[in-house]
Peer 1: 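First the structure, which I've put down as structure tokens, then a few questions once you've had a look.
We use all heavy atoms of the structure for the numbers below, so side chains are in, but hydrogens, waters and symmetry mates are not.
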Amino acid sequence: PPTAWSSTLARERLRSARFTMSSDKKLTREQAIQRLQSLQQENSALGQKIAELEQERHSHQLVIDATKSLEPSRRCYRLVGGVLVERTLEETVPAVQRNLEQLDKVVAQLQEKAQATRKEFVDLQAEYGLQQASAAAQGGSAAPQSAGASAEQQGVLA
């Protein structure tokens, strides 16, 4: 859920802030290499999470688009916390729209974090003269958007 990733993002910011405060001291070459590897892993994880959330966002948008022309009193089924509940479109569509907005916010936060991670990676590389650049840290974390959703995700609203 988006709220869980908001707290994860807060923990990552705190960890980065601690690193920034402790980075006033000069790192050894080995520490710099370890930090670069850590940044690469972090950036890769962020890219994967962004892609996952973009897919979820796409599914939410499909549901919203599919229900626009339907009667608000029409019954539908929504998966909430692993439980399938019966509701009306009038009750369900606003909740799906709120979830979509939350997903947008979390994706934007994760993209900002990925950009900051890439910047720190490049800065650290330049400062220590290390040239072991990877595609993930050089901008490969842009979330790819899939053209279609899986059958499982399309089956959420009936």
Peer 1: May I ask you to test the His60-Glu56 pair for a side-chain heavy-atom distance under 4.5 Å?
Peer 2: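 Yes. Closest side-chain heavy atoms under 4.5 Å.
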Peer 1: Report the C-alpha distance between Val106 and Leu110 in whole Å, list the side-chain angles of each, state the deciding distance to 0.1 Å, and finish with yes or no for side chain to side chain contact (heavy atoms under 4.5 Å, CB included).
Peer 2: CA-CA 6 Å; Val106 172; Leu110 290 175; 4.0 Å; yes
Peer 1: Mind checking what makes side chain to side chain donor-acceptor pair (under 3.5 Å) contact with Gln41, not counting sequence neighbours?
Peer 2: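 Scan of Gln41 (side chain to side chain donor-acceptor pair (under 3.5 Å), adjacent residues dropped) gives none.
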Peer 1: Given Lys68 and Val93, is the side chain to side chain contact (heavy atoms under 4.5 Å, CB included) satisfied, shown in steps?
Peer 2: CA-CA 9 Å; Lys68 280 183 181 175; Val93 172; over 6 Å; no
Peer 1: Can you name the side-chain contact (heavy atoms from CB on, under 4.5 Å) partners of Gln31, sequence neighbours left out?
Peer 2: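 In terms of side-chain contact (heavy atoms from CB on, under 4.5 Å), with neighbours along the sequence ignored, Gln31 is linked to Leu27, Thr28.
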Peer 1: Under 4.5 Å between side-chain heavy atoms, hopping through other hydrophobics if needed: is there a path connecting Leu79 to Tyr77?
Peer 2: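 Hydrophobic grouping puts Leu79 with Tyr77.
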Peer 1: Sequence neighbours excluded, which residues qualify as side chain to side chain donor-acceptor pair (under 3.5 Å) partners of Ser69?
Peer 2: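 Side chain to side chain donor-acceptor pair (under 3.5 Å) check on Ser69 returns nothing, list empty.
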Peer 1: Mind checking what makes side chain to side chain donor-acceptor pair (under 3.5 Å) contact with Glu30, not counting sequence neighbours?
Peer 2: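 In terms of side chain to side chain donor-acceptor pair (under 3.5 Å), with neighbours along the sequence ignored, Glu30 is linked to no residue.
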Peer 1: Can you list everything that forms a side chain to side chain donor-acceptor pair (under 3.5 Å) with Gln97? Sequence neighbours excluded, please.
Peer 2: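 Not a single residue meets the side chain to side chain donor-acceptor pair (under 3.5 Å) criterion with Gln97.
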Peer 1: Going by side-chain contact (heavy atoms from CB on, under 4.5 Å), name the residues that satisfy it together with Ala45, two or more places apart in sequence or in a different chain.
Peer 2: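 Counting only residues at least two positions away or on another chain, Ala45 forms no side-chain contact (heavy atoms from CB on, under 4.5 Å).
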Peer 1: Within the distance-only criterion (no hydrogens, no angle test), does the side chain of Ser38 pair as donor or acceptor with the backbone N or O of Gln34 below 3.5 angstrom?
Peer 2: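 No.
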Peer 1: Which residue pairs pass the salt bridge (Lys or Arg N to Asp or Glu O under 4.0 Å) test with at least one member in residues 84-98, sequence neighbours excluded?
Peer 2: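 Passing the test, one end in residues 84-98: Arg75-Glu86.
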Peer 1: Could you give all pairs that pass the salt bridge (Lys or Arg N to Asp or Glu O under 4.0 Å) test and reach residues 122-131, with sequence neighbours left out?
Peer 2: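 For residues 122-131: Lys26-Glu127, Lys119-Asp123.
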